[in-house]
Amino acid sequence: MSEHVWVKNDCDIAWCPGCGNHGILNILGKTLAALQLPPQTTVLVSGIGQAAKIPQYCNTHFFNGLHGRALPPATAIKASNPGLTVIAESGDGDMYGEGGNHFLHCIRRNPNITNIVHNNMVYGLTKGQASPTSQQGFTTPLQIDGVVAEPFNPLTVAIALKASFVARAYVGNPEQTQAILQAAIKHKGYALVDILQPCVTFNKHNTYQWFKEHTQSLPEDHDPTDQLQAFARAGEAEQLYLGIFYRQEKPVFEEQLVAYQADKRPLFQRQLDPDKLAASMQAMG
Amino acid sequence: MTNRPSLQVNLMFGGEAGQGLQTLGLVLARALRGGGLHVFAVNEFMSRIRGGSNSLVLRAADSPVRSPSDRIDCCVLLDSDALPRLADRLGEESLLVGDPALFSSEQGVTPLPLKELSKQAGGAVFGNSIVCGFILRMLGWELAPLNTALAHTFSDAQIQEKNRRAAQLGWEYAENLAGRFPLPLDQQAHNRLLLDGSQVVALGAVAGGCNFISSYPMSPATGVLIHLARLAADHGIVVEQAEDEISAVNMGIGAWYAGARALVSTSGGGFDLMGEGLSLAGIMELPLVIHIAQRPGPGTGLPTRTEQGDLEIARYSGHGEYPRAILAPGSPEEAYDCARHAFTMADASQSPVLLLTDQYLLDSLYDIETLPLPHEPPKSEIVATEANYERYAASATGLSPRGVPGLGQGFVCVDSDEHDAQGRITEDFDTRVAMVDKRMAKGRLLETSLALPPRLYGPQLYHTLLISWGSTGPTIEEALKQLALPEVALLHCTQVYPLPQEMAAYLERAKRIIVVENNATGQFARLLRAETGCTIDDQWLKYNGLAFSVEEIIASLRKEGGNE
Ligand SMILES: Cc1ncc(C[n+]2csc(CCOP(=O)(O)OP(=O)(O)O)c2C)c(N)n1
């Protein structure tokens with residue numbers, strides 16, 4: 001399968017030339033093609049932001065919802081039809097700021113979905129305010145004297161919550177990023193892939209050059225089943241490690257729902273049984 | 001003169017939270033229903049888990065009773081605070097019953113030594129069965145219907161037996177009061193359902209094909225969530241307690257997108273958090289059903305009391321313009337029907353439908369003849385898509401065939417941005433206008449073919465038209481039944497927005513219009529004026545946190561008669 005199956009070539013793309021989003025779209029197309037997934041059973045769910053426009057440029061189902069709210073519908077779509085491949089994708093402001101609570105609780109639920117976050121450490125669509133992952137001292141038209149708050153580290157949070165798959169990638173390393181994405185989508189359970197991505201227009205600090213100097217792959221001997229080691233390496237602030245920090249197989253959300261114990265069909269194929277309803281009325285009343 | 005049902009008794013029970021008033025009410029209601037009576041119980045409780053002072057009013061009669069009454073025939077005081085707290089709801093006619101250890105005979109309390117009898121029965125937990133036995137004797141009944149109710153309520157044989165013995169102790173103690181409130185005992189078994197409003201809404205949702213609920217707990221909406229959780233295994237329902245209401249509503253929308261029939265249950269404060277989600281369903285043209293269980297606001301307000309204060313937030317919540325429908329049932333039969341119909345309506349119009357109930361309706365216990373089963377299982381109007389499928393293809397009605405991912409060859413693309421026919425983002429002005437027109441066109445269905453028409457009770461040729469919506473309806477109906485006024489009718493509305501097309505004609509025929517609402521500012525009156533231009537001559541409003549009683553409506557009707 002070629003990536004052109006997935007990536008639309010006839011649309012007017014709203015990203016700046018040189019934006020990391022182009023690279024992510026390209027890698028995503030290649031990843032999905034390599035996995036040979038049918039686009040008819042794949043759903044991209046996103047919020048609002050420049051990153052969250054990615055489904056618009058893809059040939060598959062999409063639910064381009066509200067800012068910060070990709071994970072709840074993604075979870076519900078998976079729970080309504082477990083046969084679908086569901087990918088929830090947005091920017092760092094969307095997923096970790098506006099959607100922070102959903103991020104925490106989606107990890108706890110562990111639906112079998114992939115969560116891709118385009119982390120450019122800035123709000124792109126709203127023209128350059130600080131994001132939860134902006135570094136301290138980062139100046140913007142709004143944070144005039146620089147960001148004061150401690151940056152949010154999505155990886156250490158996810159590892160602390162025992163997320164079933166936690167990885168970081170950098171768009172400047174396309175092969176590695178594709179390998180990580182493939183593993184994440186194949187992984188059974190919630191999988192976080194935080195992809196570092198320069199914003200060429202609004203983040204003049206975390207540039208391609210900066211990422212090149214500040215990232216390196218996890219050591220060969222990294223053991224992704226070791227939570228403490230994963231936590232320590234994910235917390236490293238000087239050098240940002242890339243790779244799969246942590247993984248752990250555990251029961252997934254939708255498979256534990258009582259609705260699927262006796263019947264595996266998606267909800268849209270089912271029908272009410274009026275006799276059962278009559279029985280429920282009698283039992284209650 | 002009033003035509004009060006000749007054979008009826010109104011019983012009140014006052015006690016602390018944690019004393020099991022609700023179980024007492026349920027067991028007694030089961031016993032009375034089993035003996036052939038119609039029953040109705042209103043729970044009134046404070047927002048706390050222990051202590052405080054709660055009450056339960058149980059009405060039983062030989063004909064259906066469906067409204068709160070201020071006339072109390074007998075009040076059983078289960079703790080010492082009950083008397084001062086309930087005193088102003090009791091009258092000359094009320095027989096007070098209480099433990100002599102708590103009340104003196106100078107207080108006019110007929111003794112029932114509950115503490116002592118409970119000790120004999122095996123502990124304080126048996127107090128409720130003692131009270132039930134005592135009550136049955138006052139009706140002139142034997143214990144058989146109570147024993148059946150106890151067997152229905154407690155599965156453990158030993159516990160049943162202990163409760164039966166406790167009931168016997170109470171029954172024996174009421175010797176001097178035997179037959180004080182005589183009611184006929186029909187020995188035939190009775191199968192009428194005994195359900196509270198939350199159960200009815202949950203069953204109605206299932207009848208409407210609901211197979212997904214995501215909600216965040218909030219009184220008085222939680223009951224529906226719990227009942228659906230209990231029904232989940234039998235009916236294949238996905239149940240999820242969301243991390244907050246924002247997640248709950250976005251899950252509900254995602255579920256409908258994927259082909260589920262989803263419900264979200266909340267109360268006013270939670271619904272406030274759902275505004276953006278509601279608006280999302282509007283632009284995505286996805287069906288959505290939200291149950292809003294009203295309680296008095298603003299803020300946290302009175303969490304366990306009742307009010308009809310959220311009509312306007314239901315009407316106006318969510319930015320932008322798009323159609324929606326608001327259903328507001330009054331009786332349990334209407335609650336079942338509205339809950340069921342909300343799913344049909346949402347699915348057929350691809351729009352959000354809000355089901356507006358209140359604490360009074362949800363927490364009251366009703367006996368119900370039957371709840372109709374759907375002739376055919378409800379089915380979502382979804383299509384298998386072709387390769388060139390367009391989710392928002394133009395059409396005359398505004399409706400485009402709805403596909404779901406995983407059914408057919410096309411892609412189902414839905415977008416919170418303004419979009420073209422394919423569902424892809426656009427800023428083209430002509431497309432914008434076409435999409436707004438398309439969305440608004442669907443609203444027509446909600447006031448015509450899908451609408452629930454209002455119901456007229458009373459004379460066709462009326463001078464004065466009372467208007468009710470939601471839970472005030474049955475109380476006004478009972479008041480009108482008692483007074484039988486020749487020129488006063490009630491128009492009861494279960495669909496409050498958009499107004500069904502039949503509304504205007506009813507309003508035009510009235511010389512005088514009075515809107516009765518459980519709120520402080522007359523929200524439905526305002527909506528009627530805005531939508532129809534009609535003149536509202538008077539408003540009867542109540543907003544202390546309790547529902548109208550039948551006597552209050554009768555008193556207002558009498559005053560109204562004097563005005564004419
Ligand atoms: C409820 C709500 N609040 C605010 C916004 C405005 N808004 C849109 S995108 C965005 C942040 C964008 O940053 P990020 O999510 O990191 O994505 P990026 O554009 O950088 O890819 C904001 C604040 C909105 N659309 N909705």
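Computed from heavy atoms alone, side chains included, the values below leave out hydrogens, waters and symmetry copies.
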Roughly how far, to the nearest 0.5 Å, is the CZ atom of Phe268(A) from the CG atom of Leu407(B)? 4.5 Å
Is it the backbone or the side chain of Leu44(A) that comes under 4.5 Å from a heavy atom of chain B, or both, or neither? neither
Measuring from Gln271(A):CD to Ser380(B):OG, what's the distance to the nearest 0.5 Å? 9.5 Å
Quick one: are Leu272(A) and Pro374(B) in side-chain contact, heavy atoms under 4.5 Å? yes
Evaluate the criterion side chain to side chain contact (heavy atoms under 4.5 Å, CB included) for residue pair Val249(B) and Arg69(A); output intermediate values, then yes/no. CA-CA 10 Å; Val249(B) 73; Arg69(A) 316 300 171 199; over 6 Å; no
Is a side-chain N or O of Gln56(A) found less than 3.5 angstrom from the main chain of Ile425(B), in a donor-acceptor match? yes
For Arg230(B), which atoms come within 4.5 Å of any heavy atom of chain A: side chain, backbone, both, or neither? neither
First locate atom CE of Met281(A), then atom CD1 of Ile368(B), and finally report the distance between them rounded to the nearest 0.5 Å. 9.0 Å
More than 12 foreign heavy atoms under 6.0 Å from NZ of Lys264(A): is that the case here? yes
What part of Asp263(A) gets closer than 4.5 Å to chain B, counting heavy atoms only: side chain, backbone, both or neither? neither
Contact winner vs chain B - Ala76(A), Ala279(A), Gly68(A), heavy-atom pairs under 4.5 Å: Ala76(A)
Measure Leu203(B) against the heavy atoms of chain A and call it side chain, backbone, both or neither at under 4.5 Å. both
Measure Leu231(B) against the heavy atoms of chain A and call it side chain, backbone, both or neither at under 4.5 Å. side chain
Between Asp12(A) and chain B, which part of the residue has a heavy atom less than 4.5 Å away: side chain, backbone, both or neither? neither
What part of Leu286(B) gets within 4.5 angstrom of chain A, counting heavy atoms only: side chain, backbone, both, or neither? side chain
Among Val43(A), Thr60(A), Thr41(A), Thr75(A), residue most engaged with chain B (heavy-atom pairs, under 4.5 Å): Thr60(A)
Examine whether an atom of Tyr336(B) lies under 4.5 Å from a heavy atom of chain A, and if so say whether it belongs to the side chain, the backbone or both; otherwise answer neither. side chain
Most heavy-atom pairs under 4.5 angstrom with chain A, which of Asp244(B), Asp234(B), Val200(B)? Asp244(B)
Does atom OH of Tyr123(A) have more than 12 heavy-atom neighbours from other groups under 6.0 Å away? yes
The test is side chain to side chain contact (heavy atoms under 4.5 Å, CB included); show your working for Glu243(B) and Arg108(A) and say whether it passes. CA-CA 10 Å; Glu243(B) 58 273 25; Arg108(A) 291 183 48 235; over 6 Å; no
Under 3.5 Å donor-acceptor, Lys276(A) side chain and His235(B) backbone: no
Chain B contact via Pro39(A) - which portion, at a heavy-atom distance below 4.5 Å: both
Does any heavy atom of chain A fall under 4.5 Å from the side chain of Arg261(B), the backbone, both, or neither of them? neither
Is it the side chain or the backbone of Lys78(A) that comes within 4.5 Å of chain B heavy atoms, both, or neither? neither
If you measure from CE on Met284(A) to CG on Asp196(B), what distance do you get to the nearest 0.5 Å? 8.5 Å
Rounded to the nearest 0.5 angstrom, the OG-CE distance for Ser80(A) and Met251(B) is 10.5 Å
Just so I understand: if I count every heavy-atom pair under 4.5 Å between each of Gln269(A), Gln40(A), His67(A) and chain B, which residue has the most? Gln40(A)
Among Pro72(A), Ala70(A), Pro266(A), Ala79(A), who wins on heavy-atom pairs under 4.5 Å with chain B? Pro72(A)
Grab the two heavy atoms, one from Gly236(B) and one from Leu267(A), that are nearest each other, plus how far apart they are. O-CD2, 4.1 Å
Rounding to 0.5 Å, atoms CD1 (Ile237(B)) and CG (Leu257(A)) come to a distance of 12.0 Å
For chain A, find which of Ser416(B), Ser214(B), Gly423(B), Ala229(B) contributes the most heavy-atom pairs closer than 4.5 angstrom. Ser416(B)
Pair count under 4.5 Å, heavy atoms only, with chain A: among Met284(B), Arg424(B), Arg30(B), highest is Arg424(B)
Side chain to side chain contact (heavy atoms under 4.5 Å, CB included) for Asp417(B) and Ile48(A)? Distances and angles first, verdict last. CA-CA 9 Å; Asp417(B) 290 281; Ile48(A) 294 295; 3.7 Å; yes
Is chain B contacted by the side chain of Leu84(A), its backbone, both, or neither, given a heavy-atom distance below 4.5 Å? side chain
Max heavy-atom pair count under 4.5 Å with chain B, selected residue of Ala259(A), Pro38(A), Pro55(A), Ala74(A): Ala259(A)
Choice from Arg391(B), Glu276(B), His419(B) maximising heavy atom contacts with chain A below 4.5 Å: Glu276(B)
Does Asn250(B) form a side chain to side chain contact (heavy atoms under 4.5 Å, CB included) with Phe63(A)? I'd like the steps, not just the answer. CA-CA 11 Å; Asn250(B) 281 280; Phe63(A) 182 106; 5.6 Å; no
Arg109(A)/Glu240(B) ion pair, N-O < 4.0 Å: yes
Partner chain B: residue of Val45(A), Asn101(A), Asn81(A), Leu104(A) with the largest heavy-atom pair count (under 4.5 Å): Asn101(A)
Determine whether the side chains of Ser247(B) and His105(A) contain a donor N or O and an acceptor N or O closer than 3.5 Å. no
Top contributor to chain A interface from Val404(B), Ile246(B), Leu26(B) [non-hydrogen pairs under 4.5 Å]: Ile246(B)
Answer with side chain, backbone, both or neither: which region of Val239(B) has an atom nearer than 4.5 Å to a non-hydrogen atom of chain A? backbone
Using heavy-atom distances under 4.5 Å, tell me whether Ile77(A) contacts chain B through its side chain, its backbone, both, or neither. both
Ranked by heavy-atom pairs below 4.5 Å to chain A, first place among Pro378(B), Ala248(B), Pro405(B), Ala233(B) goes to Pro405(B)
